[in-house]
Structure formats: structure tokens, C-alpha cells
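No hydrogens, no waters, no symmetry mates; every other heavy atom, side chains included, goes into these values. Here the structure is a predicted model, which is why all the values come from computation and not from measurement.
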Amino acid sequence: MSHEWFYYMYILGRDNWTAFKWDASALTVILEKVNRKQGLLYGRLASLGFDSKLKAMAENLTYDVVHSSEIEGIRLNADEVRSSIARKLGIDNAVVSILHKA
């Protein structure tokens with residue numbers, strides 16, 4: 001299995017990554033788009049009930065844990081992580097799984 005994607009996805013895979021530089025004006029445009037989409041998402045979440053917010057948070061945590069572990073070279077099973085998070089939050093894992101597949 002090739003880990004070529006790793007070298008393009010994460011800064012530490014690049015040569016001389018400790019001397020990282022960026023174009024602030026180009027980054028600002030991207031961050032503005034992300035912030036707008038984040039605001040739209042928060043608006044939608046505000047209209048959901050508490051249970052739906054909790055389930056959405058569980059799915060987001062699952063994504064974060066699985067993808068963060070990949071940085072360390074550890075591959076986790078997303079279904080197992082999702083189940084563990086749902087159990088810790090006291091949510092029905094079947095519902096979280098359905099949201100994931102939707």
C-alpha cells in the first residue's frame with residue numbers, strides 16, 4: 001500500500017516542513033469560505049433538537065479521531081470508533097450509523 005497521499009495531505013510529509021511558509025491572502029479567501037459554511041452549519045444545527053445535535057457531534061468526533069490517527073500512521077475502524085463514541089455519549093449507535101450513511 002502506498003502512502004503517497006500522506007505526503008501531500010500532511011505538512012510533515014513535505015521536504016523542509018519546519019520552514020513552512022504560506023500566502024496569507026490566498027489563505028484568507030479559503031478561510032472566509034470555510035467560516036461561511038461553518039456559520040450555515042451552525043444555523044442548521046440550531047434548528048435541530050438536542051438529540052440530533054448530539055448525534056451530529058458524535059459523527060464529527062468519529063471523523064476527527066479516525067483522521068487524526070492517520071497522521072500518526074494508525075488506521076482505525078470508523079465503525080468501531082463511532083460505536084465507542086456513541087456508547088460514551090449515551091446515544092443509540094444504530095442511529096449514529098444511519099446518519100453516517102445518509
Side-chain angles (χ1 to χ4, degrees):
M1 180 170 127
S2 170
H3 292 298
E4 185 176 318
W5 62 269
F6 178 85
Y7 294 103
Y8 296 105
M9 188 171 187
Y10 302 110
I11 188 173
L12 61 98
R14 299 191 179 265
D15 294 334
N16 201 17
W17 68 271
T18 56
F20 180 73
K21 295 181 180 167
W22 64 91
D23 178 356
S25 60
L27 190 57
T28 300
V29 172
I30 294 168
L31 288 174
E32 286 172 357
K33 289 178 184 177
V34 169
N35 285 333
R36 176 165 164 53
K37 288 182 180 186
Q38 186 179 32
L40 291 172
L41 177 61
Y42 285 154
R44 287 183 181 174
L45 283 175
S47 68
L48 298 175
F50 178 75
D51 288 342
S52 295
K53 288 181 192 177
L54 195 59
K55 291 166 189 164
M57 183 178 73
E59 188 57 37
N60 190 44
L61 285 170
T62 299
Y63 178 87
D64 285 348
V65 168
V66 169
H67 291 284
S68 295
S69 68
E70 288 178 358
I71 295 171
E72 302 297 325
I74 300 169
R75 189 169 211 125
L76 298 175
N77 180 300
D79 290 332
E80 290 175 5
V81 172
R82 189 176 298 107
S83 175
S84 176
I85 289 172
R87 195 170 45 255
K88 297 279 185 186
L89 293 175
I91 326 174
D92 181 7
N93 184 48
V95 176
V96 175
S97 294
I98 290 168
L99 282 176
H100 170 70
K101 292 176 173 88

Under the side chain to side chain contact (heavy atoms under 4.5 Å, CB included) test, which residues partner Leu31, sequence neighbours left out?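 Side chain to side chain contact (heavy atoms under 4.5 Å, CB included) check on Leu31 returns Leu27.
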Sequence-distant partners of Asp23, side chain to side chain contact (heavy atoms under 4.5 Å, CB included), two or more places apart: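 Once residues adjacent in sequence are excluded, the partners of Asp23 under the side chain to side chain contact (heavy atoms under 4.5 Å, CB included) criterion are Ser25, Ala26.
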Does Val29 share a hydrophobic cluster with Val34, counting links as ILVMFWY side-chain heavy atoms below 4.5 Å and allowing steps through other members?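 Not linked; separate clusters.
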Ile30, Thr28, Asn35 screened by side chain to side chain contact (heavy atoms under 4.5 Å, CB included) with Glu32, the one that passes: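 Per the side chain to side chain contact (heavy atoms under 4.5 Å, CB included) rule, the option paired with Glu32 is Thr28, out of Ile30, Thr28, Asn35.
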Could you grab the distance from atom [atom1] of [X] to atom [atom2] of [Y], nearest 0.5 Å is fine?
| X | Y | atom1 | atom2 | answer |
| --- | --- | --- | --- | --- |
| Ser84 | Asn77 | OG | CG | 11.5 Å |
| Thr62 | Met57 | OG1 | CE | 10.0 Å |
| Arg36 | Leu40 | CZ | CG | 5.0 Å |

Between Arg82 and Asp79, does a side-chain contact (heavy atoms from CB on, under 4.5 Å) hold up when you go through it step by step? CA-CA 5 Å; Arg82 189 176 298 107; Asp79 290 332; 2.6 Å; yes
Nearest atoms (heavy-atom pairs only) where Val66 meets Leu76: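 Closest approach of Val66 to Leu76: CG1-O, 4.2 Å.
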